[in-house]
S.K.: 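Have a look at this one before I ask anything.
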Amino acid sequence: MVTYDQFTGHCQAVLERMAQACQACGRSPSSVRLIPVTKTHPFEAAEYAHRFGLSAVAENRVQEALLKRPLAPAGLRWELIGHLQSNKAKQALQAFDVLQSVDSAELAARLGRIATELGLTREVYVQVNSGDDPAKFGCDLAQAPAVLEALLPHQSLKVIGLMAIAPLSDDPAVARRTFAELRRCRDDLETRFGVKLPELSMGMSGDLEIAVAEGSTCVRVGSALYGSRPVL
Ligand SMILES: *Cc1c(COP(=O)(O)O)cnc(C)c1O
């Protein structure tokens with residue numbers, strides 16, 4: 001893993017990329033947040049983020065977050081960005097403050113019921129496979145209304161937006177289309193259900209400028225901050 005000094009340099013560079021991207025499309029830099037993706041890295045990666053003044057980290061696996069969180073500073077928010085199996089719903093609600101990867105009506109209902117039983121409230125995003133990528137999780141665009149509908153009755157869950165991952169591609173148009181589709185989906189859901197979904201979690205190390213141009217409010221960045229991940 002990188003040293004803390006290297007991490008601060010990388011953070012400044014990523015924040016600068018975000019600021020430039022905001023400027024290029026007339027957005028305020030404060031309208032997009034950076035969430036460091038600490039998956040596969042030791043718990044010190046979360047400690048770096050906290051020391052730098054960032055308020056949250058993202059992980060893609062429940063078990064990994066459960067192991068690392070007790071070792072990391074207490075003030076951090078932990079957000080789930082990886083696929084959640086329904087049999088891990090309870091652990092996920094206990095390990096994470098925010099769940100960005102709710103991708104089916106069944107999972108939504110189960111999370112809502114268990115969160116209520118546990119007396120927890122959690123912010124959630126609907127993950128949509130808006131790039132129509134067979135290799136990615138997330139509900140289809142056509143299923144997004146059903147997932148939102150399953151979330152809305154649960155007081156324990158507050159739906160704040162949508163999340164998407166662009167398909168791997170050398171063509172930037174693929175990411176652009178994926179992010180534009182997610183935004184369109186969000187606009188349709190807001191109109192159809194009369195709710196506000198202000199958050200669009202989209203963009204990673206390689207495509208954050210495109211995501212910002214398409215309206216991202218949260219870029220999830222791993223390798224540009226911590227270096228390449230060990231192959232698992
Ligand atoms: C790993 C991961 C990221 C970070 O990817 P980088 O290319 O390392 O920035 C972002 N989002 C999700 C859902 C991930 O699993």
Side-chain angles (χ1 to χ4, degrees), residues 1-2 6-7 9-18 21 32-46 48-49 52 54 56-65 68 76-85 88 92 95-104 107 123-139 144 147 160-172 174-176 178-179 181-182 199-212 214-232:
M1 215 202 11
V2 296
Q6 290 170 318
F7 173 79
H10 294 170
C11 253
Q12 281 154 358
V14 168
L15 290 169
E16 181 56 29
R17 283 174 61 191
M18 292 167 63
V32 193
R33 69 184 174 109
L34 167 63
I35 185 163
V37 178
T38 49
K39 68 183 184 197
T40 76
H41 297 296
F43 77 91
E44 286 90 346
Y48 286 2
F52 190 79
L54 298 168
V57 292
E59 287 278 338
N60 67 337
R61 292 171 64 230
V62 174
Q63 220 53 43
E64 193 174 332
K68 290 199 279 199
L76 276 173
R77 203 170 61 245
W78 290 65
E79 305 198 17
L80 176 65
I81 58 169
H83 180 63
L84 179 57
Q85 291 171 289
K88 299 228 179 81
F96 291 98
D97 306 287
V98 180
L99 307 176
Q100 292 201 10
S101 50
V102 181
D103 59 3
S104 76
L107 178 63
E123 290 185 337
V124 301
Y125 295 63
V126 178
Q127 182 180 350
V128 183
N129 187 4
S130 61
D132 203 16
D133 180 350
K136 293 285 187 302
F137 288 106
C139 68
V147 181
I160 58 170
L162 306 184
M163 186 269 260
I165 309 167
L168 265 185
S169 171
D170 293 331
D171 180 1
V174 172
R176 190 173 298 280
T178 301
F179 300 147
E181 285 290 347
L182 192 73
E199 303 295 331
L200 289 174
S201 173
M202 50 193 204
M204 322 200 306
S205 294
D207 56 17
L208 69 88
E209 284 86 356
I210 302 170
V212 167
E214 296 300 330
S216 175
T217 62
C218 173
V219 294
R220 312 174 306 264
V221 178
S223 49
L225 296 177
Y226 298 107
S228 57
R229 283 179 288 274
V231 179
L232 295 179

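Atoms within each ligand, like the ligands themselves, are counted from 1 in listed order. Just the heavy atoms: all of them, side chains too, but no hydrogens, waters or symmetry mates, feed the values below.
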S.K.: Got a sec, which residues hit side chain to side chain donor-acceptor pair (under 3.5 Å) with D132, two or more places apart in sequence or on another chain?
M.R.: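 For D132 there are no side chain to side chain donor-acceptor pair (under 3.5 Å) partners, ignoring immediate neighbours.
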
S.K.: For residues S201 and I81, determine if any side-chain heavy atom of one lies less than 4.5 Å from a side-chain heavy atom of the other.
M.R.: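 With C-beta onward as the side chain, the pair stays apart.
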
S.K.: For a quick check: using heavy atoms under 4.0 Å, what are the residues in contact with ligand 1, sorted by chain and number?
M.R.: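 Heavy-atom contacts below 4.0 Å: V37, K39, I81, I165, M204, S205, R220, V221, G222, S223, R229.
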
S.K.: First locate atom CD of Q100, then atom CD1 of I35, and finally report the distance between them rounded to the nearest 0.5 Å.
M.R.: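 Going from the CD atom of Q100 to the CD1 atom of I35 covers 6.0 Å.
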
S.K.: Would you list the pairs meeting salt bridge (Lys or Arg N to Asp or Glu O under 4.0 Å) in which at least one residue belongs to residues 202-211, sequence neighbours left out?
M.R.: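 Those involving residues 202-211 are R17-E209.
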
S.K.: R33: which residues meet the side chain to side chain donor-acceptor pair (under 3.5 Å) condition with it, sequence neighbours left out?
M.R.: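 Checked R33 against side chain to side chain donor-acceptor pair (under 3.5 Å); matches are E79, Y125.
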
S.K.: Would you please test F52 and L15 for side chain to side chain contact (heavy atoms under 4.5 Å, CB included) and show each step?
M.R.: CA-CA 12 Å; F52 190 79; L15 290 169; 3.8 Å; yes

